[in-house]
Amino acid sequence: MALKELTDKLRNIVGKKGLMTAESRTAYYRSGFRSGFGEAVAVIFPNSLLDFWQSLNACVEADCAIIIQATKTGLTEGSSPSGFDYDRKVVIINVTRIKKIILLDGGKQVIALPGSTLHELEQELKEINRAPHSVIGSTTIGATIVGGIANNAGGALCKRGSSYSELSLFAQVDDDGKLKLVDHLGIKNLGETPEEIFSRLERGDIPIADLGGMDKAASDHEYQNRIRDTGAEVPNRYNADPSRLYEVSGSAGKVAAFAVRVDTYPLPEKKKVFYLGTNDTNHFSALRTHILSNFKELPEMCEYMNRSIFDTAKKYGKDVFLSIKHIGTNRLPKLYAIKSNLEYLFNKIPFLPKYLPDQFLYYLSKVFPQHIPKRLLDYRNQYEHYLILCMSDEGIDEAREYLKEEWGQSENVGFFECTEQEQEASLLHRFAAAGAAIRYQNLHQRKTEEVLALDIALLGNDSDWVENLPPEIEKDLDLSLYYGHFMCHVFHHDYIFKKGTDLKEVKAKLLKRLDAKGAKYPAEHNVGHMYKADDNLRKFYEDLDPTNTFNPGIGLTNKKRRYAGP
């Protein structure tokens, strides 16, 4: 099918405002959140499930490579094209306009259409005193529910584990190159044809009597047992865990997800954040073992930061902190899109520095007063390592008693119970840490290489969780930042190396060290176009998508039809 014939057909489906073809307009959608850029002849914005289905049919008929995209918050380039070496026309289908959250059985479960976000789910569930299956860092900037399931997104919750569901509605291209709809939502009387199914879902009227599929999991029910096993010789969670690859779950866009069904949980009656500091990380290791082995209630979350990331986030993440606090999360996805479009335009002007909007936001944030509360700053000066321990309900007293008894009189450690202001600030500061390395590198482009970011799942019994780099790597390092989800032993390592460093060689050395420890990576950001899929994950992708129609090249696999070629 000729390009004009395809675009005319797509325009008839989604309307003039639902199709972009100009390079300047599609640039934002062809780029990754942190990095990555590639080709696409069109970006489609379906307004309904039927539009989505018909767009898919048109693209499959035209033998296109298809990338399904939502709010593009992934950090490993997995939701955008990668490069300009595809052997077919590439089309991006952005599903952010297809929003609906359907409460099932009074909200004990929900069905989410592909554009519905975790933030929207969180807000809707608050009205019925329930909480989502997952809370991840990019919840506040628009991460979708379906995107989390498709990438087995990890998140910060100690009680829930990675996003996971065995109940979904999705389309896939079979061996014969035909698009088919697979209905495994577990809803009775949903319909026989795609049109009937889509119409019923968009009406959202699903009574309790129609709920089936109760033998299938709508979240990771086994996670609490795994995280409590401090002697485990395997990680608690990681993206490519074979036991968590199931149809849409872990699919990384190798199928087109129309809806997923997920559990919800009762909202805690009360929460309390404890802020902990130490100069000896063995204290944190002992705390982790005690809590996971003895506490009746697991923490809601327990986030780790070291002094380097504290300082970097304080200086280079200040605008993110202030934006979330004062502008709110509803507007952030649109503001990020505007920022990325401006970056694309400015980066084409040779005499301007790269990433000019980032530089403007950094200098603008310096005008505002200190945003970190005094007690957090005092701990930064006194200690090198910090935990943000969030407990709920009965777990609050468990933590308070343990900390008073074990930490109250000890040297080289300290803790305090956060006020509401300190609680909000500590969590926002931790969130701002995720992008601080990128901002630092953008401000120091002339002396540094691009950020090398690793997210790592250590073994449950690994007591050697603080990295000590050898001199051969340390000599080229400008900055190393460490933070992560402490109870589950999932850590983020952001490295910024001096200009001229061979990042490919350094990354190979770092990964070799992790392999020797038995660690798994990526832990929660998925392989994208930055990591190689292991054999199990590669086979899973090929079984889901035998013609390599969807998201070709993901996990550093081949981009060609049917995985042909070298």
Side-chain angles (χ1 to χ4, degrees), residues 31-37 75-77 83 305-323 336 339-340 342-368 371-372 380 384 429-456 466-484 491-514 525 528-531:
S31 64
F33 184 81
R34 275 186 174 173
S35 60
F37 192 70
L75 300 180
T76 55
E77 306 177 7
M305 300 175 73
N306 74 344
R307 183 179 284 166
S308 291
I309 188 62
F310 186 104
D311 291 346
T312 307
K314 174 175 168 286
K315 187 173 182 179
Y316 296 95
K318 185 175 180 179
D319 64 294
V320 174
F321 182 110
L322 296 174
S323 296
Y336 271 102
K339 173 178 169 288
S340 291
L342 287 173
E343 281 177 353
Y344 173 78
L345 294 173
F346 290 147
N347 286 350
K348 293 177 75 173
I349 302 173
F351 60 84
L352 289 179
K354 298 293 185 184
Y355 305 107
L356 192 58
D358 260 2
Q359 300 197 36
F360 171 76
L361 290 170
Y362 166 72
Y363 287 109
L364 178 64
S365 70
K366 293 170 71 71
V367 175
F368 292 85
H371 60 296
I372 305 295
R380 180 261 169 230
E384 294 185 15
H429 188 52
R430 165 61 184 88
F431 174 75
I438 298 293
R439 174 63 54 77
Y440 176 92
Q441 196 278 328
N442 287 344
L443 270 291
H444 298 87
Q445 299 169 38
R446 294 182 179 179
K447 71 168 188 173
T448 61
E449 295 292 341
E450 290 185 358
V451 175
L452 175 55
L454 303 179
D455 59 301
I456 301 150
V466 180
E467 184 174 62
N468 292 300
L469 293 173
E472 62 178 297
I473 294 177
E474 189 80 42
K475 67 181 175 61
D476 295 319
L477 196 61
D478 183 72
L479 190 66
S480 58
L481 309 171
Y482 300 97
Y483 53 104
F491 294 94
H492 300 282
H493 294 184
D494 289 350
Y495 308 94
I496 303 169
F497 287 92
K498 298 169 186 174
K499 205 72 172 178
T501 303
D502 186 337
L503 290 187
K504 186 176 181 180
E505 181 183 340
V506 170
K507 183 176 180 179
K509 290 178 180 178
L510 290 168
L511 296 183
K512 185 176 180 180
R513 287 167 55 83
L514 293 172
H525 290 161
H529 289 284
M530 298 177 70
Y531 293 91

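Keep in mind it's a predicted model, so treat the numbers as computed, not measured. Only heavy atoms go into these numbers, but all of them, side chains included; no hydrogens, no water, no symmetry mates.
- Two residues are said to be in side-chain contact when any heavy atoms from C-beta on lie closer than 4.5 Å; D455 and Y531 meet this criterion.
- Looking at Y440 and D478, their side chains do bring a donor and an acceptor atom within 3.5 Å of each other.
- Note: F491 and H493 have tilted aromatic rings, judged against thresholds of 30 and 60 degrees for the angle between ring planes.
- The two residues E77 and H529 come nearest to each other via the heavy atoms O-CD2, 3.0 Å.
- Counting only heavy atoms from C-beta outward, the side chains of E384 and N306 never approach each other to under 4.5 Å.
- Proximity of L510 to L452: side-chain heavy atoms (C-beta onward) are separated by under 4.5 Å at one or more points.
- Side-chain contact check for E467 versus S480: every heavy-atom pair is 4.5 Å or farther apart.
- Around atom CD of E450, no more than 12 heavy atoms belonging to other residues, nucleotides or ligands sit under 6.0 Å away.
- Q441 places a side-chain N or O within 3.5 Å of a backbone atom of E449 that can act as its donor or acceptor partner.
- Shown here are the ring-ring contact (aromatic ring centres under 6.0 Å, His included) partners of H492, two or more places apart in sequence or in another chain: Y483, H485, H525.
- Pairing each heavy atom of R513 with each of P470, the nearest pair is NH1-CD, 3.4 Å.
- Listed by first then second residue, pairs satisfying side chain to side chain donor-acceptor pair (under 3.5 Å) with a partner in residues 310-319 read D311-R380, D319-R439, not counting sequence neighbours.
- Taking the side chain as every heavy atom from C-beta outward, F497 and D502 never approach each other to under 4.5 Å.
- Closest approach of E474 and L469 over heavy atoms only: OE1-CB, 3.7 Å.
- With rounding to the nearest 0.5 Å, the separation of CD1 in I473 from NZ in K509 is 6.5 Å.
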